[in-house]
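First up is the structure itself, then whatever we jot down about it.
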Amino acid sequence: MSLQLYGIELESRLLLGTSQYPSPAVLLDTIRESRTDVVTVSLRRESGTNRNGQAFWSLLREANVRVLPNTAGCYSVKEAVTTAHMAREIFDTPWIKLEVIGENDTLGPDVIGLVEAARILSEEGFEVFPYTTDDLVVAAKLVDAGCRVLMPLASPIGSAQGLNNPRALGRMRGHFPDIPLIIDAGIGLPSQAAAAMEMGYDAVLLNTAVAKAGNPISMGRAFALAIEAGHLAYEAQPLLARDMASPSTPVLGKAWLD
Amino acid sequence: MKVLVVGAGVAGLCCALELAQAGYRVELIDRAVGPESAGCSRFAGGMLAPYCEGENAHQLVTSLGVESVEWWQKVLPEVDDGYRQLGSLVLAQGRDRGELARFAQRSSGHESVRGDALSEIEPELAGIFPQGLYFAAEAHIDPRLAMRRIRSRLQELGATVRYGADASEYKGAAELVVDCRGLAGRDTLSELRGVKGEMLLVKCPAIRLSRPIRLLHPRIPLYIVPRGDGVYMIGATMIESDEQKRVSARSLVELLQGAFALHPTFSEAEILELGTEVRPAFRDNLPKVCRKGNTIFVNGLYRHGFLLAPVLAQWVRNWVSGGELPPGPDNWEIMNEDSMQ
Ligand SMILES: Cc1cc2nc3c(=O)[nH]c(=O)nc-3n(C[C@H](O)[C@H](O)[C@H](O)COP(=O)(O)OP(=O)(O)OC[C@H]3O[C@@H](n4cnc5c(N)ncnc54)[C@H](O)[C@@H]3O)c2cc1C
């Protein structure tokens with residue numbers, strides 16, 4: 001089954017961020033080669049107060065993919081809500097990747113502000129993709145606030161540490177079987193993305209790992225393949241690791257070895 | 001033959017100088033009222049860093065950049081011309097060591113320096129950074145001084161340099177036009193876009209650094225270029241925007257934070273100037289030289305105006321004198337007439 005986000009069906013389970021590429025030309029090639037359907041765009045940073053990022057955005061339009069604007073760099077509920085309004089107007093979409101940053105160094109989310117902003121925006125008709133932690137209580141409150149997608153971080157943004165706490169991520173999957181879960185942030189290698197998908201995650205969002213690779217175009221493709229492989233594996237119901245401490249077959253068989 | 005060069009930024013100045021040296025009658029015009037209010041080039045760091053730039057630019061930037069460094073050395077031979085070939089240093093804080101390894105992997109022309117070797121190069125940084133990369137062959141200039149020198153060379157060669165003069169008033173004034181209008185050229189070169197850069201100039205005589213220093217950071221990379229007399233340029237943001245005249249508080253905080261991280265004494269610095277301009281760039285962030293009728297366009301210098309303009313100017317001179325443009329690599333096209341409006 002293909003991925004459904006707020007009623008929109010998507011072929012690819014890879015979402016790509018658009019910053020830090022060597023050039024827009026490389027970015028466009030990466031989007032094409034990775035066959036992603038959704039790209040995120042940071043509004044605050046690129047636009048300033050007006051619509052000065054137009055040239056870049058119209059470039060993205062050429063890529064013919066869905067844009068998920070984000071509120072990256074917002075530190076308060078008010079800032080995030082204002083940025084979301086601006087995004088809706090510029091990109092003509094109800095989608096918003098909601099980031100309310102709580103900590104300047106790791107860029108960890110301010111989950112309390114996040115829940116509040118998510119509620120405000122959902123009530124205004126936005127379709128919110130919250131950048132959150134793996135905390136189950138926060139996740140439940142986000143769902144309660146109207147979010148129909150959750151985006152937990154795997155490790156700090158740009159750290160390339162991979163899945164720092166796979167148990168917690170697994171628990172989250174278990175607790176929210178019907179909500180699309182997208183890994184957002186912290187992935188460095190395709191194998192890490194594949195591991196998340198094998199756990200049943202619905203999609204992975206990447207930026208730095210692709211944009212800052214020596215060859216972003218190939219790396220985008222590598223991630224796309226890994227994500228697809230991980231998803232296929234999950235659907236194919238993989239073997240679970242076995243505890244070999246106690247024998248499961250009759251010891252009788254041993255006689256044959258004599 | 002008379003040649004009109006439009007735009008007295010680094011592109012226009014280098015082209016004008018090459019053509020004047022080749023014996024053409026050159027008139028260089030700029031619509032700004034004077035050099036103090038013109039264009040993007042005034043705000044450049046003046047790093048001539050072909051190897052460092054290779055970290056995320058096309059290899060062409062490195063190879064052409066190396067040629068340009070030699071050009072600057074010839075054009076600015078005197079000590080008070082401000083050309084300095086003292087190399088450059090790339091540093092990272094302890095926990096961003098990975099960034100340093102990555103930078104080393106993606107660039108060439110460097111050696112790894114630690115401890116004593118590092119403090120010998122830049123004594124001021126002793127004890128602050130345990131290791132770095134040293135790019136010995138790189139150089140730096142003071143862009144404003146360098147442009148002033150080229151303007152006076154032009155006058156010595158009999159060329160005219162005129163400010164407050166818009167290209168529209170000069171239609172048909174010359175047999176050949178070299179259009180170096182920077183971002184204003186997007187009316188003809190429709191693919192041009194702006195990449196905003198913010199910078200500041202500070203005075204901090206308590207710190208003595210001799211060469212450009214880049215501080216790597218996953219989100220806020222930064223560099224500092226010494227201008228002599230305790231003056232430093234701190235730059236620069238890279239924002240996909242063509243907004244021209246606004247330095248945001250966020251950018252200022254980031255630049256200053258980076259400077260403090262490099263050396264805490266920067267907190268004592270006096271702020272001399274905040275600057276912002278928009279770099280003209282094509283999609284592949286590589287420059288183009290192209291021709292339509294009797295106009296040659298030199299544009300899209302992005303963050304490499306000083307690094308690449310000399311080589312492009314030599315191409316223009318060669319082309320005007322009947323030679324060929326060098327063939328670009330596969331994925332670099334010198335724009336043809338079709339792609340202009
Ligand atoms: C903060 C910052 C730091 C940078 N650091 C570096 C660095 O360290 N090294 C490096 O190599 N590069 C650097 N760059 C990039 C470099 O500054 C640019 O690549 C370069 O300035 C572009 O030069 P240009 O001559 O094409 O454009 P400009 O300098 O913008 O010149 C264009 C000129 O054309 C004139 N003009 C426009 N329209 C008309 C008209 N109709 N009639 C007459 N005149 C007209 C304008 O007034 C202007 O003076 C930096 C850029 C920024 C913003």
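In what follows, every chain begins at residue 1, and chains take the letters A, B, ... in the order their sequences are listed.
- In the model, B:Ser88 has a side-chain atom that pairs as donor or acceptor with a side-chain atom of B:Glu138 under 3.5 Å.
- Listed in order of number, the residues of residues 212-221 of chain A that approach chain B to under 4.5 Å between heavy atoms are A:Lys212, A:Ala213, A:Gly214.
- Looking at B:Arg95, only its side chain comes within 4.5 Å of chain A, counting heavy atoms on both sides.
- Between A:Ile182 and A:Leu5 there is a side-chain heavy-atom pair separated by less than 4.5 Å.
- In terms of the side-chain hydrogen bond (donor to acceptor under 3.5 Å, both in side chains) criterion, A:Ser191 has no residue partners (sequence neighbours excluded).
- Proximity to chain B (any heavy atom under 4.5 Å) is restricted, for A:Leu107, to the side chain, taken from C-beta onward.
- Checked by atom type, the side-chain pair A:Asn207/A:Thr40 shows no donor-acceptor distance below 3.5 Å.
- Using a cut-off of 4.0 Å between Lys/Arg side-chain N and Asp/Glu carboxylate O, A:Arg66 and A:Glu127 are scored as not salt-bridged.
- In this structure, A:Arg88 forms a cation-pi arrangement with A:Phe126, its terminal cationic atom sitting closer than 6.0 Å to the ring centre and no more than 45° off the ring axis.
- Between A:Phe129 and A:Tyr6, the ring planes lie tilted relative to each other; the angle falls in the 30° to 60° range.
- For chain B, no part of A:Ile157 is nearby; none of its heavy atoms comes within less than 4.5 Å.
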